[in-house]
Amino acid sequence: MESNGYYEMDVAGTAMGSPGLATPFHKRGDSYHLESAHHKNHDSKSPDEPARVEQQHITAVAHVGFSDALIAQKPSPWTKTMFKLYFFLFVAFLNSCINGYDGSLMGGINAMKYYQRYFGMKTVGSETGFVFSVYTIGNIAGSFFCGPFTDWWGRRWGMFIGAGIIIAGSCVQAPSTSHLAFTGGRFILGFGVATCATAGPSYVAEMAHPAWRGTLTGLYNTFWFVGGIPATWTLYGTQHIESDLSWRLPLWFQSIAAGLVVLGCLFCPETPRWLVSNDRHEEAIRVMARYHGEGDRNSPIVLLTYREMIEEIATEGSDKRWWDYRDLFNSKPAWWRLSCVLGMAFFSQWSGNGAVSYFMPVLLDQIGVKDGRTQLLYNAILNVISFVMATIGARFVDRLGRRAVLLVGTSLFVVWWSVITTLTALYGDEENDNTYGSRSAIAFIYIFGITYSFSYTPLQALYPVECLSYETRAKGMGMYNLFVNIAVFFNTYAIPTVWERIKWRFYFVYIAWDVFEVVFMYFFFVETKGRTLEEINEIFEAPYPKRKSLQKHIVVITDGGILDKGLDEQY
């Protein structure tokens, strides 16, 4: 035995061996049956034994090793140590609050009369587009630094650095007396958010208990609304202040979540994967044992995940070279990963949500809702509903699957935008006095927001994190953040500029693009549920990753665990 600690465990001899291809299974109707009642695992049993086995639970699983470990350990989400883990994840969730606060903040401030008078702004136009987009420009610039920050110093210190930069940006923006200082503060804020958006979801995915990684990482992005809801209701309240404090006060509040991240990071442990990649195995085992194994270093989940980490994570990987981005595109598996990551980056921003998120008051104005106070109220209510639906969506990503949720949700976008376009064309004129038509258009804008929140919001952080290997995760998330912000730049600069010229006809672009998204997802997006982060790697090593990701193992589960394993013949 070695004295460094990590050789104390019987890693190679665990119960989670590679799945054997036992008796073939065939699908008949909606159930699976054994080809023969007498199979090799029970030849020595009594004649009545096969009938007993026939009555056992037969199901399909994505990966046998992971299912074995969960059956053997049966983890509980309600233990004392799990609640400690939830606190650490909550600190990471606050990184999403920071982005959500700004995303809802500027849309409301843009409609405030004191803000418009102070800087001479309008609700639409090129100057307004620039104020929105400079935040995105800062985010794009920060995308080239967030990967190295998160790889060099770890996921928790990456969150600390990003939140510190955001506090600095708030201190520049909120008291600004010139348009230059205001836009400079927004650039700094965007730069800091890039690091938070990389370190935060990486921390959650790597630190969450494997049994609930989908739900917990999905919840990360739902906290966008935990930032967005206070922003919209703060604006709704401060609009009554008859001074510049009406828009300055909400800007100061932007530093609250960042301050909580800075303080909370001091109490968070580092992720086991970062520790293993930096050859700190004993620390990694202690973290996993405490928060994934309830103190047991030899729990099945700890043994499985640690064994996979030391097989998959290189201590001299590209994450140790800040300048090396080659692993993101130097092989066919890498390109397939990148197609999923970048596809999610563009699709999550160009499905039509940009118009709803940033320019809800403008959309409402277009269909006859002219009062600024009423516009802010509609926006605030939509944020509350969206948060509820995003939380429900996070709970279902493990049940329904990532790919299925995205395909169905995006298909519905085509329908909703077609209806919104028709209603706006019919009832969007200033002379329109048909209140039922306007209300119908508002209803379908809400339905679009609800559908987006359920299907996309939980997966915006979860899906790209899962598709990236450890060595490329931080830089890949930086790349993801870069292309998200390129897409956002289009939303925040192009939409207000083009809107002045073609109005609601811009919706036709969304309809055509959403159709393209559905086709692309069907052929290239993989399913990642039901596997550990390391087990997802084998999907991308296959000749056709999408097909491999949909392949199911058929297992027989008894009181003693999994007895038989085989592949579903339909794959």
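Everything numeric in this text was worked out from a predicted model, so none of it was measured. All values below come from the heavy atoms of this structure, side chains included, with hydrogens, waters and symmetry mates left out.
- Of the residues listed (Phe516, Tyr452, Phe448, Trp417), the one engaging Tyr510 in a ring pair (Phe, Tyr, Trp, His ring centres under 6.0 Å) is Trp417, and it is the only one.
- No donor-acceptor pair under 3.5 Å is formed between the side chain of Ser202 and the backbone N or O of Ala474.
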*Please test Phe346 against Phe483 for ring pair (Phe, Tyr, Trp, His ring centres under 6.0 Å), starting from the C-alpha separation and ending with a verdict.*
CA-CA 7 Å; Phe346 284 110; Phe483 282 92; 5.7 Å; yes
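- Put simply, the side chain of Trp416 never gets that close to the backbone of Tyr446: no donor and acceptor are under 3.5 Å apart.
- Geometrically, Arg248 does not engage Tyr115 in a cation-pi contact defined by less than 6.0 Å to the ring centre and at most 45° from the axis.
- In the model, Tyr456 has a side-chain atom that pairs as donor or acceptor with a side-chain atom of Thr410 under 3.5 Å.
- In this structure, Phe387 and Phe223 have perpendicular ring planes: the angle between them is above 60°, well past the 30° mark.
- Side-chain N/O atoms of Asn99 and Asp102 include no donor and acceptor closer than 3.5 Å.
- Side-chain N or O atoms of Ser453 include one that pairs as donor or acceptor with a backbone N or O of Gly449 at under 3.5 Å.
- Side-chain contact annotation: Asn481 with Thr198, donor-acceptor N/O pair under 3.5 Å absent.
- Atom OH of Tyr114 sits in a crowded spot, with more than 12 heavy atoms from other residues, nucleotides or ligands closer than 6.0 Å.
- Trp247 pairs with exactly one of Phe119, Phe253, Trp252 by the ring pair (Phe, Tyr, Trp, His ring centres under 6.0 Å) rule, that one being Phe119.
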*Dump the intermediate steps for ring pair (Phe, Tyr, Trp, His ring centres under 6.0 Å) on Phe87 and Phe267, then the final yes or no.*
CA-CA 10 Å; Phe87 168 76; Phe267 300 94; 7.0 Å; no
